[in-house]
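See structure below.
Throughout, protein chains are lettered first and strands after them, A, B, ... in sequence-line order, and every chain is numbered starting at 1.
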Amino acid sequence: MAADLPRYRYNAAFADTIEVKWQNHWEANGTFEAPNPAGPLAEPDKVAGRPKLFVLDMFPYPSGAGLHVGHPLGYIGTDVFARYKRMTGYNVLHSLGYDSFGLPAEQHAIATGIHPRVNTESNIANMRRQLRRLGLGHDARRSISTTDEAYYRWTQWIFLQIFGSWYDESQEKARPIADLEAEYASGSRPTPDGRTWSSLSRNEQRKIIDSQRLVYLTEAPVNWCPGLGTILANEEVTAEGRSDIGNFPVFKRNMRQWMMRITAYADRLIDDLDRLDWPEPIKLMQRNWIGRSEGARVRFPSPAGEIEVFTTRPDTLFGATFMVLSPEHPLVDALTTPPQKSAVDGYRAAAAAKKDDERSDDSREKTGVFTGSYATNPVTGQDVPVWVADYVLMGYGTGAIMAVPSGDERDFAFARKYSLPIVATQRPPQEWFDARGIAANIDCSTWPEAYVGDGPYVNSKNASVSLESFTTVAEAKTAMNQWLESQGKGTSAITYKLRDWLFARQRYWGEPFPIVFDDDGNPHAVPDAQLPVLLPELADFKPQGLDPNDAVSEPIPPLARSKEWTTVELDLGDGQRTYRREVNVMPQWAGSCWYELRYLDPTNSQAFVDKDVERYWMGPQGPGHTGGVDLYVGGVEHAVLHLLYSRFWHKVLYDLGHVSSEEPFHRLFNQGYIQAYAYRDMRGQPVPANEVEERDGAYFFEGEEVAREYGKMGKSLKNIVTPDDMYAEYGADTFRLYEMSMGPLEASRPWNTRDVVGMQRFLQRVWRNVVDEDSGATRVTDEPASDDLRRALHKCIDGVGADMDNLRFNTAIAKLIELNNALTPYVTERGSCPREVAEPLAVMLSPLCPHMAEEIWHRIGHKSTITYESFPRADASLLASDTIEIPVQINGKVKYRINVAVGADQAATKAVAMADPKVIELLGGATPKKEVIVPGRLVNFVL
RNA sequence: GCCCGAGUGGCGGAAUGGCAGACGCGGCGGACUCAAAAUCCGCUGUCCGGAAGGGCGUGUGGGUUCGAAUCCCACCUUGGGCACCA
């Protein structure tokens with residue numbers, strides 16, 4: 001019965017009382033407000049003399065479903081780290097804002113008629129409430145939302161900075177577009193057709209300039225769904241080429257779109273990865289996404305004109321025995337001979353019906369058809385047949401390849417299937433033949449597969465070039481590239497998989513473009529004084545649905561509906577004129593490309609961030625350092641897109657001199673995910689996970705056996721557990737502690753509510769050791785602790801500090817539990833708790849469970865917050881003991897343990913071992929063949 | 001198909017070349033209680049054995065080493081990512 005419980009028992013109700021009390025106290029006192037060196041939040045005297053630390057969580061979307069227990073994992077981790085670092089003297093900036101534009105709010109608005117802003121703001125309010133109750137030490141003044149007009153004013157401003165720039169390849173940086181125009185005007189840069197700048201019409205000049213901007217309009221291939229009136233992502237298109245929603249036809253076609261020239265930064269985005277403190281797998285994913293490949297463009301003469309291919313292996317050109325064109329390649333018609341026409345047309349029709357990822361399925365057998373024509377290999381002069389195959393995609397390289405079956409697995413399989421010639425260009429090493437059980441030879445008819453790697457070149461010379469003196473790919477590539485260039489048959493080239501970023505959406509709930517068009521269709525920047533360009537109020541947020549089968553219609557986005565908004569009178573230097581506004585909006589990525597910068601200076605109305613403030617929090621920390629956020633924590637799902645787009649925007653801002661850091665995120669840490677079990681009944685319907693019982697390894701719901709699966713938490717799987725459930729049952733401190741104790745931060749793990757109670761029991765024991773449960777009085781006294789307890793304390797301090805530095809909160813918690821387990825019998829026996837243990841224990845606990853620590857801190861007599869107390873330092877003299885127990889092994893197996901003096905050398909250690917009666921017995925009079933004695937570690941006798 | 005992770009008690013995990021299983025959950029036994037809950041104490045990898053003690057054990061099979069959960073090779077399972085990228 002609750003009435004029988006001690007009045008000051010630490011339980012959920014009591015935790016709720018103190019947690020809410022301290023959350024209110026911290027808020028009222030601005031406990032976590034971080035001072036800036038300059039600008040509106042400047043408190044220079046508080047900044048002086050402290051190192052800085054900028055800790056950042058990935059920007060959350062305020063979902064209408066609210067948080068489940070998986071969401072705060074990273075937020076708790078960064079909070080523990082930030083709180084720990086405050087205790088070691090750092091000026092820590094930690095805040096959290098909301099990435100609040102986006103599709104779900106818009107779809108909610110379409111469904112309900114409620115304005116997306118209303119819905120978005122209530123979602124944010126709910127998420128703020130859930131997170132506040134967690135006790136996160138955020139600087140609330142810095143919490144911005146991308147939908148704030150004061151925020152997206154600067155998103156638009158940055159867009160205009162990018163729009164107002166071009167990439168100067170010679171300087172390898174972005175520069176203002178005015179510089180480019182000045183170069184044309186002065187004649188230092190020739191115009192494309194050689195006419196003088198001043199002889200061009202204004203429209204001609206505009207075309208030249210606009211085509212070089214970092215943001216530009218171009219025809220780009222998209223999935224156009226006229227029935228929905230919008231463009232769809234690949235994943236929104238079904239295998240049948242219809243829309244997921246509404247089942248309307250989808251047409252793949254080119255449409256005029258805003259693009260961002262991220263490809264201009266491809267090399268820097270790859271190269272600067274080397275200077276970042278990121279997990280290697282993430283760097284690898286970015287490198288692969290950018291996909292830099294160095295090779296050559298080679299031209300093969302053919303009856304239909306030259307066919308250009310890109311190859312990464314120009315050194316194998318002598319082995320190119322056929323060519324393959326993508327079915328969409330423009331020369332296919334001209335190359336197809338009359339007898340082959342029906343076969344080629346049929347193949348092309350079949351390929352057109354397939355989706356790219358289907359064509360990209362490597363397990364699928366390669367298919368193709370012969371065009372009937374031959375091209376000429378430019379190094380051998382031989383005729384090579386030209387085929388069409390759907391595994392070659394038009395979107396990559398030139399849409400045509402030279403096939404070298406001896407050196408490429410796909411080409412090899414294709415050549416075998418269609419009996420095309422295979423000529424070796426390199427001799428594989430002997431081991432290669434041995435491993436495949438065939439005699440070494442360069443007759444590929446005996447080879448079971450292609451050979452890829454270094455090896456002496458064979459069959460690789462003509463009258464003017466020979467590769468046969470080379471043994472490595474790199475040397476041969478260089479030589480072949482030189483020859484191709486000297487003969488005018490090709491050029492060395494680098495291609496990238498990365499493509500420019502499609503930056504327009506036919507939606508309502510996004511940032512409007514600060515762009516207007518004149519009567520000639522030329523885009524102009526909206527003057528800075530007129531930012532932000534606000535979203536117009538609308539009654540209906542849906543894109544205009546059109547005739548579902550009209551493939552050539554143009555989208556009518558929601559913003560186009562407001563006639564008084566789309567038309568605007570402006571004076572852009574040519575007098576007052578009428579312009580029409582851009583009616584697309586920006587993608588959700590825009591707002592998340594620079595949010596970390598706004599946390600630094602959230603209220604600045606003069607600049608997106610004060611330069612001194614940016615330099616302080618994010619500037620380079622030494623020569624060659626990129627600068628950027630000191631710790632960025634988030635899930636691996638953003639490995640490519642968000643992290644690449646933000647890096648790109650940041651580099652543009654750096655080039656234009658707006659920021660001092662070259663990279664936005666210096667150190668990246670990928671947290672794991674919390675997942676959960678879900679259960680389905682016989683019909684495959686999810687059943688409530690919290691009502692499932694386990695018996696003998698099987699699972700039952702209402703008496704019927706159900707199947708268990710493991711995966712995400714979600715409403716539809718009926719396995720959601722929310723932070724609110726945890727606050728009600730255990731309190732925030734227990735919840736925080738449990739999430740941190742489940743495993744290392746980077747690991748994914750299953751949620752198990754049943755296990756949470758262990759952390760609550762731990763906090764109860766701590767509480768009871770310091771406070772009398774019946775009276776609420778402190779049990780802390782100034783009596784000194786015993787030597788043993790003091791040693792346990794310092795061992796704990798030493799270990800916990802190291803674990804916190806390395807984000808190893810799970811083992812830090814285990815060490816704190818051990819200390820408390822040592823303290824418990826001590827307090828039970830004496831009825832009091834030594835202050836010299838209670839205080840450091842409270843301080844060490846405070847990053848993890850700040851409310852209880854703050855409560856204890858005040859109950860034992862302190863008046864100010866525990867937040868800025870110094871983290872305790874271990875006394876080295878108390879860490880060492882006089883003797884140490886080490887194992888004695890016989891043949892590498894532990895048989896016995898001996899105690900030796902700390903610092904004993906090999907001889908002394910051996911002497912102790914050999915003198916021990918048990919060791920003598922184990923040796924049984926034999927003389928060891930070998931003795932391995934590692935001082936301080938072990939003794940091993942090999943008999 | 002390719003790339004990158006991960007496989008340790010009944011469960012989450014600890015140990016990153018030197019004592020496998022810290023800490024927590026669960027389970028078993030005990031104390032307190034009329035009883036139950038809560039709390040506290042003890043035990044808890046597995047096999048053989050009455051015990052003392054011993055054998056075996058980190059997905060599987062090999063290898064390196066005095067010594068391997070840890071390093072190397074091959075395979076299996078599983079999670080994530082994806083691009084036939086020429």
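In the set B:A86, B:G13, B:C23, the nucleotide with an atom closest to the side chain of A:P744 is B:G13. Here B:A83 is the nucleotide among B:U39, B:A83, B:G13 with the atom lying nearest to any side-chain atom of A:K497. If you check B:A86, B:C23, B:C4 against the side chain of A:P281, the one that comes closest is B:C4. Among B:G24, B:A86, B:C19, the nucleotide with an atom closest to any side-chain atom of A:M759 is B:G24. Distances were taken from every side-chain heavy atom of A:T811 (C-beta onward) to each of B:A14, B:G18, B:C40; the shortest belongs to B:A14. Of all nucleotides listed (B:C23, B:C4, B:G55), B:G55 comes nearest to the side chain of A:K895. Closest approach to the A:V934 side chain among B:G18, B:A22, B:A86 is made by B:G18 (side chain taken as heavy atoms from C-beta onward). Checking B:C23, B:C4, B:A14 against the side-chain heavy atoms of A:N810 singles out B:A14 as nearest. Set against B:U39, B:G12, B:G55, the side chain of A:R768 has B:U39 as its closest nucleotide. Of all nucleotides listed (B:G24, B:G18, B:A86), B:G18 comes nearest to the side chain of A:Q889.
Taking a cutoff of 4.0 Å between a charged side-chain nitrogen and a carboxylate oxygen, A:K283 and A:E280 qualify as a salt bridge.
Both cation-pi conditions hold for A:R830 and A:Y826: the charged atom is under 6.0 angstrom from the six-membered ring centre and inside a 45 degree cone around its axis.
Taking the C1' atom of each, B:U60 and B:U78 are spaced 15 Å apart, rounded to whole Å. Using C1' as the reference atom, B:G55 and B:A74 are 30 Å apart when rounded to the nearest Å. Straight-line distance between the P atoms of B:U65 and B:U70: roughly 16 Å, to the nearest whole Å. Taking the C1' atoms as reference points, B:G18 lies 24 Å from B:G7, given to the whole Å. Nucleotides B:G27 and B:G9 are separated by 12 Å at their C1' atoms, to the nearest Å. When the C1' atom is used for both B:A36 and B:G42, the distance is 22 Å, rounded to whole Å. Distance check on atom C1': B:A15 versus B:G26 gives 23 Å, rounded to whole Å. Straight-line distance between the C1' atoms of B:G63 and B:C11: roughly 34 Å, to the nearest whole Å.
A:L938 comes within 4.0 angstrom of a base, heavy atoms only. Residue contacts for A:N288: at a heavy-atom cut-off of 4.0 Å it reaches a base atom on one of the strands shown. Residue A:E931 is classed as having no contact, given no heavy-atom separation below 4.0 Å to the nucleic acid. Among the heavy atoms of the strands, none lies under 4.0 Å from A:K283. Within 4.0 Å (heavy atoms only), A:T828 reaches no atom of the nucleic acid at all. Note on A:R297: nothing from the nucleic acid sits closer than 4.0 angstrom, heavy atoms only. Within the nucleic acid shown, A:N940 comes within 4.0 Å of at least one base atom, counting heavy atoms only. In this structure, A:T311 reaches the sugar-phosphate backbone alone: every heavy-atom distance under 4.0 Å involves primed, P, OP1 or OP2 atoms, never a base. When heavy atoms are screened at a 4.0 angstrom cut-off, A:E280 is found touching no nucleic acid atom at all. Residue A:R765 is classed as a sugar-phosphate contact, given heavy-atom separations below 4.0 Å to backbone atoms only.
Under the 4.5 Å side-chain criterion, counting only non-hydrogen atoms from C-beta, A:I817 is in contact with A:M759. Taking the side chain as every heavy atom from C-beta outward, A:Y896 and A:D916 approach each other to under 4.5 Å. Residues A:L498 and A:W289 have side chains in contact (heavy-atom distance under 4.5 Å, counting atoms from C-beta outward).
The one candidate from A:V771, A:V766, A:L763 that meets the side chain to side chain contact (heavy atoms under 4.5 Å, CB included) condition with A:Y10 is A:L763.
With a cut-off of 3.5 Å on both Watson-Crick or G-U wobble distances, the partner of B:C43 is given as B:G27. Under the Watson-Crick or G-U wobble criterion, with both distances below 3.5 Å, B:A74 is paired with B:U60. Remark: B:C82 base-pairs with B:G1. Criterion, Watson-Crick or G-U wobble with two distances under 3.5 Å.
Projected onto RNA chain B by closest heavy-atom contact, A:V756 and A:W289 fall at different nucleotides, the more 5' of which corresponds to A:V756. Comparing A:R761 and A:V894 against RNA chain B, the residue whose closest nucleotide sits nearer the 5' end is A:V894.
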Legend entry - Test salt bridge (charged side-chain N to carboxylate O under 4.0 Å, His left out) applied to A:K910 and A:E931, step by step: CA-CA 9 Å; A:K910 183 183 170 187; A:E931 296 164 355; 3.0 Å; yes
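Glycosidic conformation of B:G13 is anti; the angle lies outside 90° of 0.
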